[in-house]
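Beneath this line is the structure, given in structure tokens, with notes to follow.
Note that these values count all heavy atoms, side chains included, but never hydrogens, waters or copies made by symmetry.
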2 protein chains.
Amino acid sequence: MSETALRQMRMLQFIPREPRKISAPEMASKLTAAGFDEVTLRTVQRDLNALSKHFPIRSDEREKPFGWFWMKDAPAFGLPALDPQTALTLKLAQNYLNLELPTATLDYLSPYFKAADNVLSEMGGRLAKWPDKVRVLPKGQPLLPPRIDGDVQRVVYQALMENRRAEVVYRKPAEVMEQTFEISPLGLVVRNQVVYIVCTIGESKKTYLLVLHRIQKAQLLDKPAAVIKGFSLEKYIQQGEFGLPTGRKVRLEAVFTHLAGRHLLETALSGDQDTEILPDGRIRITATVVETEELKMWLRSFGDGVEVISLI
Amino acid sequence: MSETALRQMRMLQFIPREPRKISAPEMASKLTAAGFDEVTLRTVQRDLNALSKHFPIRSDEREKPFGWFWMKDAPAFGLPALDPQTALTLKLAQNYLNLELPTATLDYLSPYFKAADNVLSEMGGRLAKWPDKVRVLPKGQPLLPPRIDGDVQRVVYQALMENRRAEVVYRKPAEVMEQTFEISPLGLVVRNQVVYIVCTIGESKKTYLLVLHRIQKAQLLDKPAAVIKGFSLEKYIQQGEFGLPTGRKVRLEAVFTHLAGRHLLETALSGDQDTEILPDGRIRITATVVETEELKMWLRSFGDGVEVISLI
DNA sequence: GACTAGGCGACAAGCAATGTCGCGTCAACT
DNA sequence: AGTTGACGCGACATTGCTTGTCGCCTAGTC
């Protein structure tokens, strides 16, 4: 296979999507870094021009080192191509994520979902009806997602990833006053469509929990994030900051009515779950579970459908 | 840009992933169909060999028209390449889906998740620690997913997509006896990690609900699926086949303790939700909701934390 | 106005890609 | 067992593409 073809494919990967861009000299140095020896700048220029004739790639020629980029709405095509099974799975995932992730977050994945649509609709007319064939039913009571600002999200995510600080304008729900913080994000926790930011504020060592959709404005700062030695998101969550208590392991013994408990026969509470079907059809379950608020809510949700024998 | 390079890229897209495969003659005809005139079979053979030297592509040489395929665990690389934001979103999605979709289903997406891992770990050492920075907390009590056979899943999905029949061997949970059905899948519903197949059996017009993980064996038949005129998955679900009753709209009025209800201030029950904070801190919510079993379970799960005033 | 960086056209040398042909192999059919 | 056909692959000459070099042009900068 010719060096040329390989190089051009590699170049396609180095070209970013529209807001960002790459210049020919940058590209040349990336290529040499990637092991393509002795590529003249001239060759890179020629290649970029050639690629733009066959792919949705354009150059910004307003200033001199031209900036090359994939057009914003260029469809993502993957290698290997999406097979129908994977496309179906993607749509399933989309169906589900729509219920659970904020829209602004999910937008990043839309080129993939679009690609899945294409695959499925190309597979012949019959298959075009797939949306009528697949459904995801939500777990629990559906709630409306809070509105998240796209720019705010981008800044916060970037700050988290690049260990930088951000200045955010924050407003608590029932308050009119806005506050401005300089945050150093430590972690991101998503639960029930709400995105939480674990962070420190200013030079303080104390960790705070901000809610993404309460941030009105955010601006990335060119300052490295404050470092908290030994911080671990896992431990932080274990501490019960999200209302989940320490998570002691307990032995649950309970008797469910047949209707309420039969799903546990197939989706067990734990690996060591014991089940016994009583003569009257009721189901006795014994399992080792973690004692959390969720567990209590889950048990309560069955109302009369469950009788808890013991929980030690 | 040379015809050669373009053709080879196109070939990469035509090559399927491991279980499936494509032969050189097939490839040749696909290429001519795609507008590449006059490609000798010999050239295609040469190209395939060349590609396999630079990509995780292999050929099955056990029988004569060799079958070419991308290796099962080949990482998917997309064009344009995954940017860090998208990669992070993908990992977030994976985190979520792990809790909700059966593992066998999610396996189809694993190349994408792997690609996201690569992007994130290449972004410099600091970013390699991202898994410690992002967490998704499950909604409700976590249950163990049932085990689904990969082959069974593939066959059933394919039957659904191609409107064909499949022969399945089915075993109900507490029974030893296996039954064999010839099913025509009508739709797929996923709820709480359980995949349900809505289908007809044999020539009957009655719809049945099978559970994917109870299928022991499945074989695709070369018979078109039985057609049910006017079937709609949407309507089927509305009929309450999943224990969700008809879904009458009702007006809910309830008073929550502050702790139990404050999340409703930001993630509302409905668009027309009214909230009032009572002098003692409790929260009165009025909203139009659909009366479902989920709603009742949700209300019960708060125990003493909520007092339902009316539900009409 | 000189200087610099980058883009681009032109051109000859070299290298790669292609079609053709022939041989070998394997499997299926007669 | 022989025949036939499909396929993969090595070899080779020819065609045509790719590449580095050089020089010119433009736009911004000191």
*Mind checking what makes ring pair (Phe, Tyr, Trp, His ring centres under 6.0 Å) contact with A:Phe66, not counting sequence neighbours?*
none
Just to verify, what does [X] make a side chain to side chain donor-acceptor pair (under 3.5 Å) with, not counting sequence neighbours?
{"X": "A:Gln219", "answer": "none"}
{"X": "A:Gln8", "answer": "A:Asp47"}
{"X": "B:Ser59", "answer": "B:Glu61"}
{"X": "B:Tyr170", "answer": "B:Arg214"}

Show me the donor-acceptor pairs, under 3.5 Å and distance only, between side chains in residues 71-87 of chain B and residues at least two apart or in other chains.
{"residue": "B:Asp83", "atom": "OD1", "partner": "B:Thr86", "partner atom": "OG1", "Å": "2.6"}
{"residue": "B:Gln85", "atom": "OE1", "partner": "A:Tyr108", "partner atom": "OH", "Å": "3.1"}

Salt bridge (charged side-chain N to carboxylate O under 4.0 Å, His left out) involving [X] - partner list, sequence neighbours excluded:
{"X": "B:Lys91", "result": "B:Asp117"}
{"X": "B:Lys223", "result": "B:Glu182"}
{"X": "B:Arg147", "result": "none"}

*Using heavy atoms to find the nearest nucleotide of DNA chain C for A:Phe66 and A:Ala5 separately, return the residue whose nucleotide is more 5′.*
A:Phe66
How long is the line joining [atom1] of [X] and [atom2] of [N], in whole Å?
{"X": "B:Glu3", "N": "D:dC17", "atom1": "CD", "atom2": "P", "value": "10 Å"}
{"X": "B:Trp68", "N": "D:dC7", "atom1": "CH2", "atom2": "P", "value": "15 Å"}
{"X": "A:Lys53", "N": "D:dC17", "atom1": "NZ", "atom2": "C1'", "value": "14 Å"}
{"X": "B:Leu6", "N": "D:dC17", "atom1": "CG", "atom2": "C1'", "value": "14 Å"}
{"X": "A:Glu61", "N": "D:dA27", "atom1": "CD", "atom2": "C1'", "value": "13 Å"}
{"X": "B:Arg58", "N": "D:dG8", "atom1": "CZ", "atom2": "C1'", "value": "18 Å"}
{"X": "B:Gln8", "N": "D:dC17", "atom1": "CD", "atom2": "C1'", "value": "14 Å"}
{"X": "A:Met11", "N": "D:dT18", "atom1": "CE", "atom2": "P", "value": "13 Å"}

*Could you tell me whether A:Lys133 and B:Glu162 have a side-chain N and a carboxylate O separated by less than 4.0 Å?*
no
_Measuring to OP1 and OP2 of C:dG19, would you say a side-chain N or O of B:Thr40 lies under 4.0 angstrom away?_
yes
*Are OP1 or OP2 of D:dG16 and a side-chain N or O of B:Ser2 less than 4.0 angstrom apart?*
no
*asked:* Determine whether A:Arg164 and A:Leu220 satisfy the following criterion, side chain to side chain contact (heavy atoms under 4.5 Å, CB included), listing intermediate values before the conclusion.
replied: CA-CA 8 Å; A:Arg164 288 163 71 185; A:Leu220 199 59; 3.5 Å; yes
*When you measure from every atom of DNA chain C, which of residues 43-50 of chain A have a heavy atom less than 4.0 Å away?*
A:Gln45, A:Arg46, A:Asn49
Pairwise N/O distances under 3.5 Å, protein to nucleotides 21-29 of chain C:
none

*Members of residues 20-28 of chain B that approach DNA chain D, where some heavy atom sits under 4.0 Å away*: B:Ala24, B:Pro25
